[in-house]
Number of protein chains: 2
Amino acid sequence: MATTTIKDVAREARVSVASVSRALNGGRGVTAETSQRIREAAARLRYMPHAAARMLITRRTNTIGALLPDLYGEFFSELIRGIDLAARARGLHLLVSSSHDDADAAAAALRAMQGRVDGLLLMSPHADAAFLHQNLPHDLPTVLMNTRLAGDGYCALSVDNDGGARLMVEHLLAGGHQRIVFIQGPPGNRDAGERELGYREALASHAPDSPVIMLRGDFGEESGYRAGHQVLAMRPRPDAVFAANDMMAIGCMAALREAGICMPEEIAVSGFDDVPMARYVTPPLTTIEVHIAELGSQAMELLGEQIDHPDQAVTGVHRRVAAKLVVRGSTSAAAR
Amino acid sequence: MATTTIKDVAREARVSVASVSRALNGGRGVTAETSQRIREAAARLRYMPHAAARMLITRRTNTIGALLPDLYGEFFSELIRGIDLAARARGLHLLVSSSHDDADAAAAALRAMQGRVDGLLLMSPHADAAFLHQNLPHDLPTVLMNTRLAGDGYCALSVDNDGGARLMVEHLLAGGHQRIVFIQGPPGNRDAGERELGYREALASHAPDSPVIMLRGDFGEESGYRAGHQVLAMRPRPDAVFAANDMMAIGCMAALREAGICMPEEIAVSGFDDVPMARYVTPPLTTIEVHIAELGSQAMELLGEQIDHPDQAVTGVHRRVAAKLVVRGSTSAAAR
DNA sequence: ACTCGACGTGAAAACGTTTACGTTGCCGCC
DNA sequence: GGCGGCAACGTAAACGTTTTCACGTCGAGT
């Protein structure tokens with residue numbers, strides 16, 4: 001039925017299949033007029049080359065795979081958007097596989113992608129070195145995103161959590177704040193850990209006299225609320241709060257507001273992520289914006305390079321995508 | 001290099017390639033012990049069948065394509081999650097292509113998917129009947145999502161905007177509200193139009209004496225804020241606002257709060273979508289929750305059926321995914 | 001004028017599978 | 001004991017491309 005093959009086009013244009021292939025791909029080794037005739041025939045028959053056959057002989061799928069964890073919210077959406085954009089620009093398709101709960105599921109998903117993709121974008125909490133070595137064909141170009149594995153032969157790319165956190169602390173210090181509380185993320189969470197590290201570093205280098213004050217949290221709004229109460233109970237009272245993410249900052253603000261604390265005058269509050277909600281709370285939340293789409297795009301770029309030039313592959317590099325300070329009313333009365 | 005083919009396995013297991021294929025796929029027509037030996041050999045060599053070769057001969061890609069508009073926010077993320085989950089359950093891969101701005105780009109993306117997918121999930125503002133007829137191979141199973149095309153030979157699935165809006169109006173009426181303002185979405189937007197329709201229907205059937213009051217909006221928070229001011233100027237003053245989406249409802253609430261209006265006592269406010277922010281504004285926003293992930297899953301299910309049984313394909317059906325009323329403090333003082 | 005190279009074109013091999021079709025050997029039945 | 005049937009297995013064709021190679025043919029250089 002409808003499946004018109006290259007042979008049909010060849011017959012229609014009164015040439016051999018080889019010429020059709022040449023005319024439609026490179027265009028070299030075939031007269032302009034012949035090429036023209038072939039193109040017309042192809043258009044007339046609505047010919048579309050059979051992708052699988054081409055993959056088989058070419059060894060190129062023109063597809064990249066993205067293996068992602070079970071993500072909620074707009075982080076995922078932004079990431080895919082960035083990846084898709086960069087992939088489209090390179091004429092590559094995108095095969096995604098999200099929500100694999102355990103390491104086995106991830107491994108299965110990874111195996112299933114075998115041979116369907118030219119390269120892999122991998123972001124998974126299960127992706128430790130052993131896992132990779134076990135499940136990754138070592139000749140498949142791969143870029144790791146937000147992984148704890150630096151170097152180790154793989155390309156990696158992640159958000160500059162340290163840098164962002166340092167920016168925030170510097171901003172708070174510049175605002176004259178002395179006692180800055182940090183609300184931690186869930187234990188073991190890499191992003192949270194890096195943000196904490198940035199906080200410590202910035203304090204150590206810019207204000208060695210300022211105390212390091214830690215409160216527990218788990219990225220949930222509730223835990224921020226509880227931390228807020230703890231802040232209220234402290235003596236001397238802190239004059240700034242830096243939460244490891246926006247949701248906790250928002251929870252904390254709720255607690256402070258209930259206690260009648262004036263923000264930012266009495267206590268400044270800041271978060272990390274720049275979730276959409278951040279600009280709508282009162283006062284609007286100062287936070288760190290991370291360009292997630294760019295994380296995706298850059299990872300895709302890196303992967304593209306690796307695919308196009310497998311020989312001079314830049315392995316072991318670990319790039320970071322910049323984080324940006326967004327000042328709003330919760331830390332600066334000046335900021336409208 | 002490493003690419004081990006079925007021949008290698010055959011040699012290793014001392015059988016023919018046909019037996020390997022049989023053992024690894026159906027398992028029929030081959031002794032248990034031979035099968036065992038073959039499996040062992042395959043495992044030893046880390047054999048993975050070449051996907052492209054299999055597609056070529058089988059005419060099945062085990063992949064479905066999702067063509068999506070340029071979406072922001074968690075709607076997209078939820079949708080993909082739902083699709084991916086259902087696809088995984090059926091052992092299908094997911095090829096996504098988002099962010100195609102104009103009809104040409106969409107058409108190109110669609111053509112490029114040709115032959116790589118067994119079926120298509122399509123959500124696109126450009127997908128009118130002519131577009132589909134022009135660019136869709138008519139033998140490719142397809143499910144349309146959130147489209148204005150009902151019937152017309154295609155399967156379609158969309159959010160029950162009417163139903164949701166009716167639920168909300170009924171809720172407001174039940175709360176004793178008489179003068180309910182509706183804040184419209186952008187002109188031409190399908191979801192917005194259906195929600196408005198639901199509002200009109202519910203009023204007409206349950207409270208024919210209540211006035212139909214419309215205010216313009218564009219789904220943006222700003223437009224909700226402006227609408228809020230208009231509400232304040234109305235005499236007699238409305239006692240409830242139903243915004244076509246949450247962001248406008250939030251904007252409206254800001255305007256009312258500034259004017260010292262007590263919510264929900266003086267004016268109740270409600271939205272549509274149940275964005276994450278909805279539960280964090282004060283008072284928490286009553287809204288309609290639409291299970292986006294389920295939209296994706298159900299679409300995938302429908303498509304799966306169509307693929308598995310192309311003969312008895314259910315074409316022309318138009319299913320709707322339910323919307324759910326979520327009552328919070330902005331319409332009910334009782335709701336904590 | 002003859003050779004040589006370049007160029008356009010066609011025939012055929014190759015890619016790795018699945019599957020239709022033979023072939024073999026075994027078992028049971030008359 | 002021969003024969004039919006069946007199950008296990010092998011051979012080879014087919015899927016639709018790309019690409020290598022060979023074969024002209026034509027133009028230019030000696």
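This structure is a prediction, so every number in the text was calculated from the model and none was measured. Hydrogens, waters and symmetry mates are skipped; everything else that's a heavy atom, side chains included, is used. Quick note on labels: first sequence line is chain A, next is B, and so on, each numbered from 1.
In this model, the phosphate group of dT18(D) is approached by a side-chain N or O of Ser21(A) to a distance below 4.0 Å at OP1 or OP2. Remark: Arg59(A) is in phosphate contact with dG16(C), judged by side-chain N or O atoms under 4.0 Å from OP1 or OP2. For the pair Thr34(B) and dC9(D), the criterion of a side-chain N or O lying under 4.0 Å from OP1 or OP2 is met. The side chain of Ser19(B) places no N or O atom within less than 4.0 Å of a non-bridging phosphate oxygen (OP1 or OP2) of dA8(D). Contact annotation: Thr31(B) reaches the phosphate of dC9(D) (side-chain N/O to OP1 or OP2, under 4.0 Å). Phosphate proximity of dG10(D) to Ser16(B): present, with a side-chain N or O under 4.0 Å from OP1 or OP2.
Comparing Leu56(B) and Val20(A) along DNA chain D, the residue whose closest nucleotide (by nearest heavy atom) sits nearer the 5' end is Leu56(B). Residue whose closest nucleotide on DNA chain C sits further toward the 5' end, between Met48(B) and Arg22(B): Met48(B).
Comparing dG10(C), dG16(C), dT17(D) by their nearest atom to the side chain of Tyr47(A) picks out dT17(D). Among dA12(D), dT17(C), dT17(D), the nucleotide with an atom closest to any side-chain atom of His50(B) is dT17(C). Nearest nucleotide to the Val15(A) side chain, out of dA12(D), dG16(D), dG10(C): dG10(C).
Remark: the Arg116(A) side chain and the Thr61(A) side chain contain no N/O donor-acceptor pair separated by less than 3.5 Å.
Whole-Å rounding puts the Asn25(A) CG to dG16(D) P distance at 17 Å. To the nearest angstrom, C1' of dT18(D) lies 14 Å from CG of Asn62(A). Put simply, CZ on Arg116(B) is 14 Å from C1' on dG16(D), counting in whole angstrom units. Here dT9(C) presents its C1' atom at 11 Å from CZ of Arg37(A), a figure rounded to the nearest Å. In this structure, the CD1 atom of Ile38(A) is 8 Å from the P atom of dG10(C), given to the nearest Å. Remark: P of dC15(C) and CE of Met55(B) are 19 Å apart, rounded to the nearest angstrom. Rounded to an integer number of Å, the gap from Arg54(A) CZ to dT17(C) P is 21 Å. Between Glu33(A) atom CD and dT9(C) atom C1' there is a gap of 13 Å when expressed in whole angstrom units.
Put simply, the residue from Arg59(B), Arg60(B), Arg90(B) that forms a salt bridge (Lys or Arg N to Asp or Glu O under 4.0 Å) with Asp118(B) is Arg60(B).
Ala109(A) and Leu67(A) get closest at one heavy-atom pair: CB-CD1, 3.7 Å.
Between the side chain of Ser19(B) and the backbone N or O of Val17(B), no donor-acceptor pair lies under 3.5 Å.
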TODO: Check step by step if side-chain contact (heavy atoms from CB on, under 4.5 Å) holds for Glu305(B) and His309(B).
DONE: CA-CA 6 Å; Glu305(B) 287 308 313; His309(B) 315 292; 3.4 Å; yes

